[in-house]
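Below is one structure; the comments refer to it alone.
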Amino acid sequence: MSTKLATAGRLKGYPTFSAFIARDQDAAIYRKYESLSARNLLYLSSEIHELEGQLKALDEEDFKSSCFVAEGAARKWEHYSTGKELGVQAHRDLQAKIKVKLKEYRMCSANEGPGSGMKSSTDGGVDEALLLESQVLALKKPTQRTLRNVKRWFSSGGQTVLLGRDTHLFDDKNDMVALAPLDDDRLSRLLRAVFGWCFEDRDSRTRRLEQGNELYYFPERKIQRAGLVVSILLSAILLIGAISCLYMVTNKSKSLILGMIVLFTCLFACVVGLLTNARRAEVFGSTAA
């Protein structure tokens, strides 16, 4: 097994992998283990369902027995909490088990933070397991380009960075989540994919050439600035072009003027729809304006 130094002072493996993720935040890609999480929730649900059935069975036995002790425990807390009878103790023991399982499955959020989106304990229980699962499912998937680059780095040098079962860590692309997804509009994706090398830092280029690394790094702020400049230029060109063209055809036929208006309106809609993540309602509103 090779323990060759991938970078100065770090062995190839978890040290280099963690440094790689820390250096490039969009490389923070992890498994969400969706199938295991779903199975865990199903097991918890089944356990509570079984306990619920046992509780209903005890209630039915008490109802059929018409026992004075059972009636007292059903209506008065002192009888229920201190009763020594077997039926009362069975109720208490079963309720203790239910309490433990519900605490695992449904916990109250006693310390609600502002903007957390979680209910306080006074509003009822918050399904913590379900809530956490929903938050994981809401995380965005990594872009194909990011996942492809991470997998290429992970398998560089003819051997994966991690060995054993972790060799197949990135095999299931549908089970991946990105903890720090980039502002991934279409224009930004285009700039990263086609012109990313133009934004590479000088230090990054020097290190890449020294280490023989195929991956290059560039600050995301450069992509955002470039996207902003391109958006401003396209908007200005369409606006000034429309005004200029309409001014030049003022004395022409009305059909030509109408055609120019339709042309620039369609161009504007195409720019907004294709180069941004605007929704259909937003595209319709901006075009109508």
Side-chain angles (χ1 to χ4, degrees), residues 14 17-18 21 25-64 70 73-74 77 80-81 86-144 146-148 150-151 154-155 160-182 184:
Y14 293 106
F17 198 8
S18 58
I21 294 175
Q25 65 175 5
D26 62 334
I29 300 173
Y30 299 93
R31 291 276 309 274
K32 59 182 176 180
Y33 298 103
E34 188 171 5
S35 177
L36 293 179
S37 298
R39 179 178 294 192
N40 181 55
L41 288 176
L42 288 174
Y43 284 151
L44 286 172
S45 178
S46 295
E47 288 183 78
I48 298 173
H49 193 194
E50 175 64 24
L51 294 174
E52 181 186 28
Q54 295 178 20
L55 183 61
K56 288 182 178 179
L58 288 178
D59 289 340
E60 290 179 3
E61 291 180 7
D62 292 341
F63 178 77
K64 293 178 181 178
W77 170 251
Y80 174 81
S81 61
L86 292 179
V88 178
Q89 290 182 2
H91 267 283
R92 285 204 305 267
D93 294 342
L94 182 58
Q95 190 61 42
K97 294 179 181 179
I98 293 175
K99 182 178 180 180
V100 172
K101 286 302 174 182
L102 283 179
K103 186 176 181 180
E104 185 177 358
Y105 187 79
R106 173 179 286 182
M107 297 183 64
C108 293
S109 177
N111 299 318
E112 180 190 16
S116 63
M118 298 175 63
K119 297 178 182 178
S120 65
S121 58
T122 57
D123 294 331
V126 174
D127 290 357
E128 183 171 293
L130 297 176
L131 181 60
L132 292 175
E133 178 67 9
S134 68
Q135 291 174 346
V136 171
L137 293 176
L139 292 174
K140 293 183 179 180
K141 294 182 179 181
T143 62
Q144 293 183 359
T146 301
L147 183 59
R148 182 176 63 252
V150 171
K151 291 175 67 175
F154 185 74
S155 304
T160 57
V161 175
L162 301 180
L163 302 178
R165 293 184 182 274
D166 287 335
T167 301
H168 307 285
L169 186 62
F170 296 102
D171 285 0
D172 189 359
K173 64 179 182 179
N174 294 321
D175 198 41
M176 297 293 168
V177 293
L179 298 188
L182 299 173
D184 203 34

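This structure is a prediction, so every number in the text was calculated from the model and none was measured.
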- Shortest non-hydrogen contact from M176 to L147? CG-CD1, 4.5 Å
- Message: If I compare all heavy atoms of N174 with all of K32, which pair ends up nearest, and what's the gap?
- Response: O-CE, 3.7 Å
- Separation of N40 CG from S35 OG (nearest 0.5 Å): 11.0 Å
- Message: Working note: T160 + H168, criterion side chain to side chain contact (heavy atoms under 4.5 Å, CB included); need CA distance, chi angles, decisive distance, verdict.
- Response: CA-CA 9 Å; T160 57; H168 307 285; over 6 Å; no
- Task: Answer yes or no: does atom CZ of R92 have more than 12 heavy-atom neighbours from other residues, nucleotides or ligands under 6.0 Å?
- Result: yes
- Message: If I take atom NZ from residue K173 and atom CD from residue Q144, how far apart are they, to the nearest 0.5 angstrom?
- Response: 5.5 Å
- Shortest non-hydrogen contact between F154 and D166, atoms and distance: CZ-O, 3.4 Å
- Look at the side chain of S45 and the backbone N and O of L41, then say whether any donor-acceptor pair between them is shorter than 3.5 Å. no
- From CD1 (I98) to CG (L55), nearest 0.5 Å: 4.5 Å
- Task: Might you point out which heavy atoms bring I21 and A28 nearest each other, and give the distance in Å?
- Result: CG2-CA, 3.8 Å
- Could you pull out the closest heavy-atom pair between L162 and F17, with the gap in Å? CD1-CD2, 3.9 Å
- Message: Rounded at 0.5 Å granularity, tell me how far CD1 in I48 sits from CG in L102.
- Response: 4.5 Å
- Rounded to the nearest 0.5 Å, how far does CD of E50 lie from NZ of K97? 10.0 Å
- In Å and rounded to the nearest 0.5 Å, what is the CG to CZ distance from D172 to R31? 6.0 Å
